[in-house]
Amino acid sequence: MTPPALVELAVWLAALLGSGYFLCRILTCFLTPRPNLLWRGILLATLGLSSHMIIWIGDPNMLYTFPLFFLLLFLGTRGDWVGRVAVILIFFSLIMSVSALLDTYPFSETRLPSQICRTVIFGLLYLLLRPRLPRETVTLPRRLWKLILALSMMPLCALVAVVLLSSRVWISQEAHAMGLTQGLVVLPFTLATAVALLFVILALADHEGLEQAVRLAGLREVYYQGLQREHQQLRTLRHDLRNHVTALQGLLAQGEGQRAQAYLDQLVRSPALSAQRRFCDNETANVVLSAKAKEMEGRGLRGIFQVALPARLLLSDADLCALLGNALDNAMEAAEKSEDPVIHLRCRVEKGLFMLQVENALAGDEAPDLATTKEDKTAHGFGLPGMREIARRYGGSLEVTAAQGRFLLTACLPQ
């Protein structure tokens, strides 16, 4: 190869790697890549090569690119499949609209400037999104991912209509020329819509995070109000202790042993002496378990908690709250309908692993896939999928089994 050709090849490779890098940095904030380094390399290569495909209005290259692009990104990521499909379609619309704009209009005759401009545009997009990009991968409930998936069809359909359906093979030269004119409007609209959808996902994720924080704050408020009530009751009991002792002495002096025993039983049942339990050293776990224990008592259920968690966990407070809360909510719903009201929870950190196990009796009306049995499925049934998503995000696992009248949930996450 001649020196100019080598320089051109080097510039093209640098542009390709640059585009792949910027797109990968954005993508991994919306989708969780597989931990295997090979898959991360495949994602980088897929995004880099697809973003530098020659695409112009009326050319079928985009049609050939889509299946491989979709398959490799879907296989190379983890999480809710609806969310993965939605994000992949958004990224495809974004990348192809940039390529079609550059290859059709300003650089229809020169390829290298088009390749360089792609990298510049994706770099600017990364800088635009960077202040809003979260440290952890975005997570949304299935219902919101379905909404995003429906909205992602808008830029995709617009892209297909202007790039593929205006091919000169299928329509006249006049219609193709009209397609070129429409592309000046439709392609920027497609690009802007795809970018706007990424911002929508980030906004929805922020909203979900705030809701989780509000729920956790509510549980903390209930927990600390209980502590304050117990403190006040202890102060009152200490203040009245002399009177109680005097009353007991009087009863015993009169030979009223039974009345003295009844008086003692009444004191033992005092709320001041049944202090709020502290399950472990972790404050968030104490907050959630205390609230759920009181809820169990109110619903006539019995909870057996064996918990040994340190004060600090790699697991965020919101995720810990979601794991414990959803597991116990599902268990209470089933236990209430069964003849066995006991719920057994074990949770500890050992040998670098966070382990959670919840066992309860089956109600008998569970669906084969353990989905919710409630009529309002739009408001329920997100517990297990949400817990699985948390486990996947931390590189762990969550398994559920239902056999011999018992339900067992087991979660194991690296710590």
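Values below: every heavy atom of this structure, side chains too, minus hydrogens, waters and symmetry copies.
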Within residues 16-44 or reaching into it, pairs that qualify as salt bridge (Lys or Arg N to Asp or Glu O under 4.0 Å) - sequence neighbours excluded: none

Residues, nucleotides or ligands: over 12 heavy atoms within 6.0 Å of Gln306 CD: yes

Glu339 atom CD: more than 12 heavy-atom contacts under 6.0 Å: no

[Y] side chain reached by [X] side chain, heavy atoms, under 4.5 Å:
X      : Y      : answer
Leu47  : Leu73  : yes
Asp281 : Pro310 : no
Val138 : Val87  : no
Thr46  : Phe70  : no
Leu16  : Leu49  : yes
Leu328 : Phe305 : yes
Trp39  : Leu75  : yes
Tyr105 : Leu187 : yes

Check [X] against [Y] and note the closest heavy-atom contact, atom names and distance.
X      : Y      : result
Ser397 : Leu413 : O-CD1, 4.4 Å
Glu350 : Arg348 : OE1-NE, 2.9 Å
Cys412 : Met355 : SG-CG, 4.1 Å
Ser152 : Leu89  : OG-CD1, 3.8 Å
Asn360 : Ala331 : OD1-CB, 3.4 Å
Gly48  : Ser51  : O-OG, 2.8 Å

SB check Lys294 Glu297 (cutoff 4.0 Å): no

Lys/Arg N to Asp/Glu carboxylate O, Lys292 vs Asp329, below 4.0 Å: yes

Check whether any side-chain N or O of [X] sits under 3.5 Å from a backbone N or O of [Y] as a donor-acceptor pair, and report yes or no.
X      : Y      : answer
Arg78  : Thr32  : no
Thr104 : Leu101 : no
Asp340 : Ala335 : no
Asp319 : Ile390 : no
Ser290 : Val287 : no
Asp103 : Ile55  : yes

Roughly how far, to the nearest 0.5 Å, is the [atom2] atom of [Y] from the [atom1] atom of [X]?
X      : Y      : atom1 : atom2 : answer
Leu289 : Cys347 : CG    : SG    : 7.5 Å
Leu27  : Phe22  : CG    : CZ    : 15.0 Å
Phe199 : Leu204 : CZ    : CG    : 13.5 Å
Leu324 : Thr284 : CG    : OG1   : 9.5 Å
Arg406 : Ser338 : CZ    : OG    : 8.0 Å
Leu43  : Leu23  : CG    : CG    : 11.5 Å

Residues Leu94, Leu198; criterion side-chain contact (heavy atoms from CB on, under 4.5 Å); working and verdict: CA-CA 10 Å; Leu94 187 155; Leu198 295 181; 4.1 Å; yes

His344 side chain to Gln357 side chain, donor-acceptor N/O pair below 3.5 angstrom: no

Candidate pair Glu295 and Leu301, rule side-chain contact (heavy atoms from CB on, under 4.5 Å), full reasoning: CA-CA 9 Å; Glu295 186 177 347; Leu301 303 173; over 6 Å; no

Partner of Ser19 under side chain to side chain donor-acceptor pair (under 3.5 Å), chosen from Arg118, His52, Gln115: His52

Working for side-chain contact (heavy atoms from CB on, under 4.5 Å), residues Leu315 and Leu323: CA-CA 10 Å; Leu315 206 61; Leu323 280 176; 3.7 Å; yes

Worked check of side-chain contact (heavy atoms from CB on, under 4.5 Å) between Ile88 and Leu31: CA-CA 9 Å; Ile88 291 170; Leu31 297 180; 4.2 Å; yes

